Every structure is written in structure tokens, then in C-alpha cells.
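All remarks here apply to the structure that follows.
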Amino acid sequence: MQKKPAGKPYGKASAALLPASGHVLSPWFWVFLSAAVLVRFFSRGITYWPVLDDNNMYGIFSQLRVIDVWKSYPDFFLTRPAAVAFDVLIVSRLWSVPWLMPAVMACLLVLCLWLMHRTLESIGIPVGAFALVFLALDPFNVEAVYWLAASSRILMGCLAAFASLALVLPLLGRDGVRPRHPVWRGIAFWVVNLLSFGFYEQTLVLSLCLCGTAILFFARGAKRRLWLLVPLCNVLLMGGYYLANASRGNMAQRGSLVKTGIRQHLRQVADKALDKLFPIHLDFVHDTALAGWKLAWTQSGWLLLAGFAVLAAGLAWFARSRRPAGVYRHVRPWILKLLAGLALLVAPLAPFFALADGYMANRNLFPSLIGLALLLDLVVDALAAAKGWHVAARLLVAVTASVFLLGSLSEVRDYQAVSQKDGEIVAAVAHAVREAEAGGDRVAKVVLLNTRERYPLLASPHFSNCTAADWTLMGAL
């Protein structure tokens, strides 16, 4: 007797835009996850709190035509061309509506996770609810997915990486069915894959790893493995772009490769990445969750806490996978998931090992958190598969969601505090300049005192106000 496949494919295999995969998670899970992300982003009001690069880029670019941005800031176009295009053509054009871009980014984060779930499941790598909750709500990644100056690069790059994987999978002939319009799909794959390379260095490696591995291991026949030429050509194109600009702008500082003391450099980068991903990450979640609890209780009372509890309970209730129980008895999905988790944890760190500039912010580690989420999800999957332990697995999802939401509340509150302090500073500077102009002075000297505010954490650059550098103050003004 033949076993039924796990869930129905989405439409006909030959016409499907995305690779077929089982309906593994309830649609209600995605509803609750979307609501949790939106609540996380707007926990301090239906608006956005700009800091540092936000003001410098979007505040200025929104007042200029695209051609004027090109003429006035030519060095801005030397690196990450896809991110620059997204900043200038989209983000800066929507800047005048403060709530719009965070709402868009929240939706794109959920879309990215849905694509990740859909594509990895379709090639036999189980992605459970815990991994998705971890990536959607972890306060450590607020810098990567909330801060527009970073999310317009990192989140968009990850989304393009999984979109390019979704486009190439049906071209590999795994199901023996020829997809409709393979030429157009191939062109779309090339364009989207190139975009994923142009958003951020870590997403370039993530996309190359995802698409290259899928083509090598899942393509049927040598002919279909030629699709590997697409990401390889895109690597050459992007490499040529960076080489052409190697001596100009930021590339001259940040783009130089490590040439001496290589062994020591590799050890330092490895130690820094391990510290950031594990002990610093854990301390960060612990500290922000405690700060978030105090903040929620003192300023919002039980109402916000009750909302977090409802969201966490909904995520836990609909977290149970619809995969047949027999899937857990096979070794192959576990091995695939373990290998994918390790590869995606380590591979996006490759640029740090190659570049002499070893600066590593929280945002830079978001692509590696995808691998970490898959590895942690292995433990939760094992718990869910064990007889009588599925309730414990759901409880773990609920507790993780609650703690992460509290931590994110604290993080967004810190953005709000910095942004409000910037507003006070800018108002003071503008007032002093107006007074100087009224007195007939052509040059006004302004002394700023007491501009630093205390925050729960001071480890990340977004906790500096606009006086941290001349360009940030200029942008805020």
C-alpha cells in the first residue's frame, strides 16, 4: 500500500511558481507570526525611530532627486549596488510616512521566513516552528531587521537569496516535470540571484551556498548542473564591480584583504564570531528580556504582557508540524538539516576571514543565525518526535516567543530613546544657529552638553546619538 505524500503540492508541478512542498505548518501559525513581528516593530508606537545612518541617508535622499543623489554622493554607489538602488529608489521615497517602511520590512521578514521554510522543506530539510520564531523575534537581530539602514541590506539580501533558490529548484528536474516558461524562469533566477549578491557581503555568500549546493546535489543530469554557471557568473560580475572601485570610497578602507598575520587574523575572527553567537548572544537576550519585563510592567501594565502571552500561546498552539510521524524515523532529514545548519552557520562568516577590517556588528550575524536556528530546531524536533514530549516542544516555542518579545520591546525602546535625544540635540543646534543669524553672525559655534543618555545596553553603535560623527549630525539636521 502506497503512503500518501505529506500534504498537497501547491498547484501543478509544471506550472508552480515555487517548488512544491507539503502544507507543513498551519496558515494560522503564519498569521500569529506576522502579528508578533508587527507588534515587535511597533511596540513603542505606530512609527519608526530613526538613528545614525537613517537620518544621513534617507533624511537627505528623500529631499533630492535620484540624479542629484548620484551627483552629490558618488561614493555611496561604490559598494552594495542593489542596496543603494533600494535605498534611493524605494526607502527614501517612502521616508515621509514614518510607519510605512517598518511595516513593509515586517512583511518582508515574514515573507523571507516563509520562502526559507518552503524551499528547504521541498528539498527534504525540515524547518520547524521553533526555527521560524527564533529568526522572527530574536532581540539580537533587531539591528538587522528593524534598523532601516541595515535591514535594507541584510534582510533584503536574505529575501533575494531564498527567492533565487525558489526560482532555480523547479529547473533542476527533481520531480521529472519540465516547468513552464523555463527561459523566463532562468532569466528571473539570474536577475534575483545577482540582486542577492549586491545587497550585502554575507548574503552574497548565503545565496551562493544555497543555490550552489542545491544545483550540485539536487539537479538531475549534467545538463541541469550547468545552472551552476549562473551564480558563478554573478560572483565574477560582483567581483569585477568591487575590483573596479577598490581604491575609492569605503572600498579603499573596508575592502582590503588580509595579507599578513593571516593565522592570527583567522583565530581572532573565529573567537569573535563564537563569542558573539553564543555567550554575548545569550547575555544580550537575558539583559534585554529583563529590561523589557520592567518596561512593560511599569509603563504598559498587564495589557502589553497579556498581548505578548496571547501571541506566544497562538504560536505554540499552531506550532505542531503536519508532517507524518514516519518522517522523524528516517535519518536522512536529520543529516541534511544538521549539515545545512552547520554550513549556513559558518559560510556567511567567510568575508570576515578574508577582509582585513574585522569589525563585526550584531547585524552582520543575521545570515549565520539562520544556520543556528536550524541546529537548535533539531533539538526541538527531537523533543516533538519523542513519545509524550510534543507538549514540551510547544511550551518551548511559547517561552522563547515570550522572552524574545520582551527583549525586542527593550531594544526598540532604546532606538526610541536615542531618536528622541537626537530630536532634542537638533532643536538645540537649530535654535542656536537662528540666534546667531539674528545677531548678524555668519558662523555659529555651538557647544553641546549633556547629550548622552543611559541605556540598558551600550554595546551596539545604534546606541550612540547623532553627535557620534559629523555626518550623522548633518543628516539629523
Side-chain angles (χ1 to χ4, degrees), residues 9-22 81-82 111-127 156-242 332-333 335-337 339-344 346-348 350-351 367 370-371 374:
Y10 290 84
K12 294 179 182 177
S14 60
L17 180 64
L18 296 172
S21 100
L111 177 61
C112 178
L113 296 177
W114 181 77
L115 276 174
M116 180 189 101
H117 173 259
R118 183 71 177 273
T119 51
L120 295 185
E121 285 279 351
S122 72
I123 57 176
I125 300 172
V127 180
M156 290 303 300
C158 290
L159 175 62
F162 283 107
S164 62
L165 178 61
L167 285 165
V168 76
L169 284 176
L171 295 169
L172 305 183
R174 295 174 309 118
D175 52 8
V177 180
R178 177 185 167 86
R180 281 187 188 175
H181 311 299
V183 174
W184 288 110
R185 179 180 281 274
I187 293 170
F189 166 55
W190 171 65
V191 172
V192 175
N193 186 252
L194 183 60
L195 285 174
S196 70
F197 286 13
F199 276 108
Y200 214 64
E201 294 76 34
Q202 283 76 44
T203 63
L204 184 156
V205 179
L206 174 70
S207 185
L208 182 63
C209 183
L210 287 170
C211 296
T213 306
I215 294 167
L216 282 173
F217 289 98
F218 297 102
R220 267 187 154 188
K223 218 174 186 181
R224 290 190 175 94
R225 287 197 180 92
L226 290 176
W227 284 110
L228 187 60
L229 293 175
V230 171
L232 292 179
C233 286
N234 285 340
V235 167
L236 293 176
L237 284 172
M238 198 54 57
Y241 183 86
Y242 280 124
R332 189 170 183 269
I335 294 175
L336 279 175
K337 189 168 183 175
L339 294 175
L342 290 171
L344 296 179
V346 176
I370 296 170
L374 290 176

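What's counted below: heavy atoms across the whole structure, side chains too, no hydrogens, waters or symmetry copies. All values reported here derive from a predicted model rather than from experimental measurement.
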So, the side chain of Thr213 versus the backbone of Leu210: is there a donor-acceptor pair under 3.5 Å, distance only? no
Less than 4.5 Å apart, side chain to side chain, heavy atoms only: is that true for [X] and [Y]?
X: Val205; Y: Leu208; value: no
X: Ile187; Y: Trp184; value: yes
X: Gln202; Y: Cys158; value: no

At their closest point, which heavy atom of [X] faces which heavy atom of [Y], and how far apart are they?
X: Pro170; Y: Arg185; value: CG-NH1, 3.4 Å
X: Ile215; Y: Arg225; value: CG2-O, 3.7 Å
X: Leu165; Y: Ala214; value: CD1-CB, 3.6 Å
X: Lys337; Y: Ile125; value: CA-CG2, 3.9 Å
X: Ser164; Y: Phe189; value: O-CD1, 3.3 Å
X: Thr203; Y: Pro367; value: CG2-CG, 4.4 Å

When rounded to the nearest 0.5 angstrom, what distance separates [atom1] in [X] from [atom2] in [Y]?
X: Cys211; Y: Leu206; atom1: SG; atom2: CG; answer: 9.0 Å
X: Leu172; Y: Leu228; atom1: CG; atom2: CG; answer: 10.5 Å
X: Phe162; Y: Leu120; atom1: CZ; atom2: CG; answer: 5.5 Å
X: Ile123; Y: Leu336; atom1: CD1; atom2: CG; answer: 7.5 Å
X: Met238; Y: Asn193; atom1: CE; atom2: CG; answer: 9.5 Å

Results of side-chain contact (heavy atoms from CB on, under 4.5 Å) for Leu339 - residues two or more places apart only: Ile335
Result of checking Leu232, Val230, Leu236 against Asn234 for side-chain contact (heavy atoms from CB on, under 4.5 Å): Val230
Report the residues that fulfil side chain to side chain donor-acceptor pair (under 3.5 Å) with Trp227, sequence neighbours left out, ordered by chain and then residue number. none
